[in-house]
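Written out below as structure tokens is the structure these notes cover.
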Amino acid sequence: MQLKEKIILLIDKYSSKKEENSYISFLQKKHIDFFKKKGFPSFTRNEEWNNTDINPIINQDYHVLCGKKEIEHIEYQKIKKLIFLKREKSFLLIFIDGKYNSSLSRLCGVKNHVILSNIASQKENQIKNYYGKFSYQYNVFYTLNTLFSKDGAYIYIPDNIVLEKPVEILHISTGLESGKIFLNTRNLIIVGEHSYVKVIEHHKCLKKHLVFINSISEVYASNHSQIDYYKIQDNFGETSIIDNTFLKQKKYSKCSVYTFSFQGNFIRNNLKFYSNGEKTYSYLYGISLLSEKQLVDHHTLINHLYSNASSYQLYKNILFDKSKGIFNGKIIVNERIKGINAFQKNSNILFSDEACMYTKPQLEIYSEDVKCSHGCTIGNLQEKELFYLQSRGISEKNGKMLLLFSFLEEILNLIHIFELKKFVCQKMKKKLNQHL
């Protein structure tokens with residue numbers, strides 16, 4: 001049975017369940033009503049999904065994982081190979097098939113009322129002011145996650161705390177229960193005033209199998225806080241991801257999201273910032289190295305709701321073979337909003353006549369006292385630069401490698417975690433070596 005049909009049956013089943021008197025149940029009922037009213041949108045006629053064919057994903061016969069079943073024992077050595085940072089370098093939250101695993105997670109040294117845990121273990125009063133509060137508009141994947149996600153990472157940083165060590169969130173799909181899996185992962189991150197946290201998130205499979213990950217992250221940055229959020233997408237080629245990340249920023253907060261996409265069948269990143277206070281700073285960065293028939297679609301939104309704020313978007317793609325990249329960057333500045341400085345840039349290098357890149361700046365500016373600009377380039381490596389390097393005794397392949405690293409350096413230099421930067425560079429070098 002296709003996933004689309006299976007979801008409709010499951011939602012009918014959920015509707016007939018006896019209602020519970022809880023906030024999560026209330027939220028789920030609201031989303032069931034949404035779904036019943038709207039259903040699956042026609043992606044072919046939906047402007048937000050132009051150039052991205054979702055039907056091969058939702059027409060697969062996926063098994064919907066709800067995280068109820070106990071996971072069989074998994075050797076730590078298998079998990080250890082997937083972890084980025086060493087024991088003393090980070091805090092670690094591990095989720096296996098959507099379920100939190102406390103024995104494999106690493107939280108030694110958490111103090112000062114910081115909470116690093118899972119959503120399911122929190123009391124409703126603690127999360128209900130934040131969880132599920134980003135449903136400003138109908139989004140079928142947000143709704144499906146709200147209905148089928150049973151757990152996820154919960155990070156709470158109180159006021160005036162600088163968490164020195166980054167928090168690594170690792171979602172693992174085992175592929176043990178079924179060959180084709182639909183997995184709904186979820187994160188809730190709340191950072192207090194004058195506090196700072198760095199988060200790394202990645203998804204991994206223990207073995208090759210078809211998996212469709214529908215991920216939601218809700219992030220709240222209080223006044224004067226700072227968040228650096230790194231997303232690494234380098235799973236097996238059978239993985240499809242729709243990542244939905246929402247950030248709400250209060251005044252003087254500074255939030256950066258870095259997305260590195262190296263491997264995967266279908267990747268769609270919906271990244272939405274809501275600037276909800278003066279003097280906010282929003283930074284969005286992305287590097288994609290695509291090959292074969294891989295697709296990466298970056299859809300970003302910066303909604304400037306308060307005056308005197310800045311946003312900066314920089315996305316760079318390198319495309320080989322028949323790969324396809326999409327960048328759709330939207331900036332909204334509403335009436336009576338002043339002093340906005342917003343910039344977006346998308347640069348792309350294509351190595352194949354069959355690779356393609358779609359890029360679309362979308363500026364909706366309803367105020368005159370703003371400074372908004374955008375730029376886009378699509379091209380090849382500069383032959384003159386490559387010739388110069390070759391004339392100095394550098395091989396053609398190494399010359400191309402140097403030029404491409406130079407092209408991406410602007411973003412790589414901004415990674416604040418040494419081990420992560422090293423990993424990203426090694427991953428890039430390996431992939432470029434295969435395709436140059």
Side-chain angles (χ1 to χ4, degrees), residues 47-48 129-130 133-137 139 157 159-162 189-199 217-231 244-259 269-286 298-316 327-347 359-377 410-411 413-416:
E47 192 182 347
E48 285 294 302
N129 289 333
Y130 302 98
K133 295 293 183 184
F134 276 102
S135 51
Y136 294 135
Q137 55 186 3
N139 175 332
I157 314 292
D159 295 345
N160 304 308
I161 298 290
V162 175
I189 301 171
I190 304 157
V191 181
E193 293 188 9
H194 297 277
S195 292
Y196 176 35
V197 66
K198 291 172 282 207
V199 178
S217 296
E218 296 172 301
V219 185
Y220 294 86
S222 303
N223 298 341
H224 300 270
S225 64
Q226 185 175 344
I227 300 171
D228 293 334
Y229 198 166
Y230 302 90
K231 289 176 178 283
N244 303 279
T245 300
F246 307 91
L247 293 98
K248 188 172 185 178
Q249 290 186 255
K250 292 288 186 70
K251 64 182 182 181
Y252 290 93
S253 63
K254 180 181 173 185
C255 292
S256 306
V257 175
Y258 303 77
T259 308
N269 292 304
N270 297 316
L271 178 55
K272 298 185 178 184
F273 277 67
Y274 297 90
S275 168
N276 216 39
E278 287 198 288
K279 298 285 183 185
T280 57
Y281 297 88
S282 311
Y283 301 97
L284 296 79
Y285 301 103
H298 293 289
H299 261 65
T300 66
L301 165 69
I302 303 276
N303 195 346
H304 285 282
L305 300 166
Y306 273 71
S307 299
N308 303 316
S310 298
S311 65
Y312 185 86
Q313 301 182 57
L314 179 60
Y315 283 79
K316 297 196 174 189
F327 175 76
N328 193 113
K330 185 188 281 188
I331 299 171
I332 301 176
V333 182
N334 293 299
E335 281 184 273
R336 296 187 291 277
I337 303 298
K338 297 177 181 177
I340 298 298
N341 189 356
F343 175 73
Q344 65 170 236
K345 184 179 175 184
N346 175 226
S347 303
T359 182
K360 181 183 172 188
Q362 205 175 342
L363 310 183
E364 295 183 15
I365 314 297
Y366 303 102
S367 170
E368 291 184 357
D369 183 18
V370 298
K371 184 180 173 186
C372 293
S373 54
H374 63 88
C376 159
T377 59
E410 197 176 355
I411 297 174
N413 283 344
L414 297 171
I415 302 175
H416 295 135

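His304 and Ala342 get closest at one heavy-atom pair: NE2-CB, 4.1 Å.
No donor-acceptor distance shorter than 3.5 angstrom exists from the side chain of Tyr230 to the backbone of Ile415, with no hydrogens or angles considered. In terms of modelled atom types and a separation under 3.5 Å, the side chain of Tyr229 and the main chain of Thr245 share no donor-acceptor contact. With hydrogens and angles disregarded, a donor-acceptor distance shorter than 3.5 Å links the side chain of Ser367 to the backbone of Ile337. Not one N or O on the side chain of Thr280 forms a donor-acceptor pair closer than 3.5 Å with the backbone of Lys251. Within the 3.5 Å criterion, the main-chain N or O of Glu193 finds a donor-acceptor partner in the side chain of Asp159. Of the possible donor and acceptor atoms, none in the side chain of Glu278 sits under 3.5 Å from a partner among the backbone N and O of Tyr306. Checked by atom type and distance alone, the side chain of Ser282 never pairs as donor or acceptor with a backbone atom of Ser311 at under 3.5 Å.
Legend: residues meeting salt bridge (charged side-chain N to carboxylate O under 4.0 Å, His left out) with Lys360, ordered by chain and number and at least two apart, are Glu47. Applying the side chain to side chain contact (heavy atoms under 4.5 Å, CB included) rule to Lys330 yields the partners Glu48, Leu301, Ile332, Gln362, Glu364; only residues at least two apart in sequence or on another chain are considered. Under the ring pair (Phe, Tyr, Trp, His ring centres under 6.0 Å) criterion, Tyr283 pairs with no residue, sequence neighbours left out. Every side chain to side chain contact (heavy atoms under 4.5 Å, CB included) that Ser225 has, sequence neighbours left out, goes to Val191, Ala221, Ser253. Under the ring pair (Phe, Tyr, Trp, His ring centres under 6.0 Å) criterion, Tyr252 pairs with His224, sequence neighbours left out. Partners of His194 by side-chain hydrogen bond (donor to acceptor under 3.5 Å, both in side chains), not counting sequence neighbours: none found.
Side-chain contact check for Tyr130 versus Glu218: every heavy-atom pair is 4.5 Å or farther apart. Side-chain contact between Val333 and Cys372: present, with at least one pair of heavy atoms (C-beta onward) separated by less than 4.5 Å.
Rounding to the nearest 0.5 Å gives a distance of 6.5 Å between OH of Tyr312 and NZ of Lys345. Going from atom NE2 of His299 over to atom CG of Asn269 covers 11.0 Å, rounded to the nearest 0.5 Å. The line from CD of Gln313 to CG of Asn346 is 10.0 Å long, rounded to the nearest 0.5 Å. Note: Ile340 CD1 to Ser275 OG = 6.0 Å, rounded to the nearest 0.5 Å. Taking CD1 of Ile302 as the start and CG of Leu305 as the end, the distance is 11.0 Å to the nearest 0.5 Å. Rounded to the nearest 0.5 Å, atoms CD1 (Ile190) and CD1 (Ile227) are 10.0 Å apart.
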Stepwise, does the side-chain contact (heavy atoms from CB on, under 4.5 Å) test hold for Lys272 with Asn303?
-> CA-CA 8 Å; Lys272 298 185 178 184; Asn303 195 346; over 6 Å; no
Check step by step if side-chain contact (heavy atoms from CB on, under 4.5 Å) holds for Lys248 and Lys133.
-> CA-CA 10 Å; Lys248 188 172 185 178; Lys133 295 293 183 184; over 6 Å; no
Please step through side chain to side chain donor-acceptor pair (under 3.5 Å) for the pair Asp228 and Tyr196, ending with a clear verdict.
-> CA-CA 8 Å; Asp228 293 334; Tyr196 176 35; 2.6 Å; yes
Where do Tyr315 and Thr359 land on the side chain to side chain donor-acceptor pair (under 3.5 Å) test, with the steps shown first?
-> CA-CA 10 Å; Tyr315 283 79; Thr359 182; over 6 Å; no
Between Ser217 and Lys231, does a side-chain contact (heavy atoms from CB on, under 4.5 Å) hold up when you go through it step by step?
-> CA-CA 11 Å; Ser217 296; Lys231 289 176 178 283; 3.7 Å; yes
Evaluation steps, side-chain contact (heavy atoms from CB on, under 4.5 Å), between Leu284 and Gln344 | CA-CA 9 Å; Leu284 296 79; Gln344 65 170 236; over 6 Å; no
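Aromatic ring orientation, Phe134 versus Tyr220: tilted (interplanar angle from 30° to 60°).
Shown here is Lys198, whose NZ atom has more than 12 heavy atoms of other residues, nucleotides or ligands within 6.0 Å. With a 6.0 Å radius and a threshold of 12 heavy atoms from other residues, nucleotides or ligands, Phe343 has its CZ atom above the threshold.
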